[in-house]
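Just below is one structure, and these are the notes that go with it.
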Amino acid sequence: MPTIVLNGEPREISTGLTVLQLLAEIGLDPRQVAVERNREIVARATHASTLLVDGDQLEVVTFVGGG
């Protein structure tokens, strides 16, 4: 199984998993997060087509509203 690093923690993933599928797996709304993969921002429009591979490093940040 491929292993990625998600927010500093190693995580095994299924082969062929996309960014969008990972977000669903961890229970995050893709409209409320920013994703960085290997130090590059992943555009929301490409979440469904961006495949994750062994060794990828991801940072996922959620937006928090308030005031």
Side-chain angles (χ1 to χ4, degrees):
M1 278 195 136
T3 301
I4 63 169
V5 177
L6 175 62
N7 292 347
E9 298 291 326
R11 179 185 183 96
E12 288 187 349
I13 60 168
S14 303
T15 301
L17 193 71
T18 66
V19 169
L20 186 62
Q21 291 168 326
L22 175 68
L23 293 174
E25 217 175 77
I26 60 177
L28 294 176
D29 183 341
R31 297 169 297 170
Q32 298 177 339
V33 299
V35 179
E36 179 184 271
R37 175 179 172 234
N38 302 326
R39 298 184 181 248
E40 292 185 15
I41 298 295
V42 179
R44 189 170 292 121
T46 65
H47 284 185
S49 61
T50 301
L51 292 175
L52 300 173
V53 296
D54 191 50
D56 275 348
Q57 296 198 19
L58 280 86
E59 293 293 326
V60 178
V61 212
T62 57
F63 300 123
V64 178

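Just so you know, these numbers use all the heavy atoms, side chains as well, and skip hydrogens, waters and symmetry mates. Being a predicted model, the structure only gives us computed values, none of them experimental.
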Pro2 vs Val53 side-chain heavy atoms within contact, under 4.5 Å
no
What is the distance from atom CE of Met1 to atom OG1 of Thr15, rounded to the nearest 0.5 Å?
7.0 Å
List the atom pairs, donor and acceptor, that lie under 3.5 Å between side-chain atoms in residues 35-48 and the rest of the protein, sequence neighbours left out.
unit_1	atom_1	unit_2	atom_2	d
Arg37	NE	Asp56	OD2	2.9
Arg37	NH2	Leu51	O	3.4
Arg37	NH2	Asp56	OD2	3.3
Asn38	OD1	Gln57	N	2.8
Asn38	ND2	Asp56	OD1	2.9
Arg44	NE	Pro30	O	3.0
Arg44	NH2	Val33	O	3.3
Thr46	OG1	Ala43	O	2.8
His47	NE2	Val42	O	3.4

Atom pair CG/CG of Leu58 and Leu23 - distance to nearest 0.5 Å
8.5 Å
Would you say Leu28 ends up clustered with Ile13 if hydrophobic residues are merged whenever their side chains have heavy atoms under 4.5 Å apart, either directly or through other cluster members?
yes
Measure the spacing between CD1 of Ile4 and CG of Leu6 and express it to the nearest 0.5 Å.
5.0 Å
Determine which pairs satisfy salt bridge (charged side-chain N to carboxylate O under 4.0 Å, His left out) with at least one residue from residues 16-32, sequence neighbours left out, and list them in order.
Arg11-Glu25, Asp29-Arg31
Any chain of hydrophobic side-chain contacts (each under 4.5 Å) joining Leu20 to Val60?
no
Judged by atom type as modelled, is there a donor-acceptor pair below 3.5 Å linking the side chain of Ser14 to the main-chain atoms of Leu17?
no
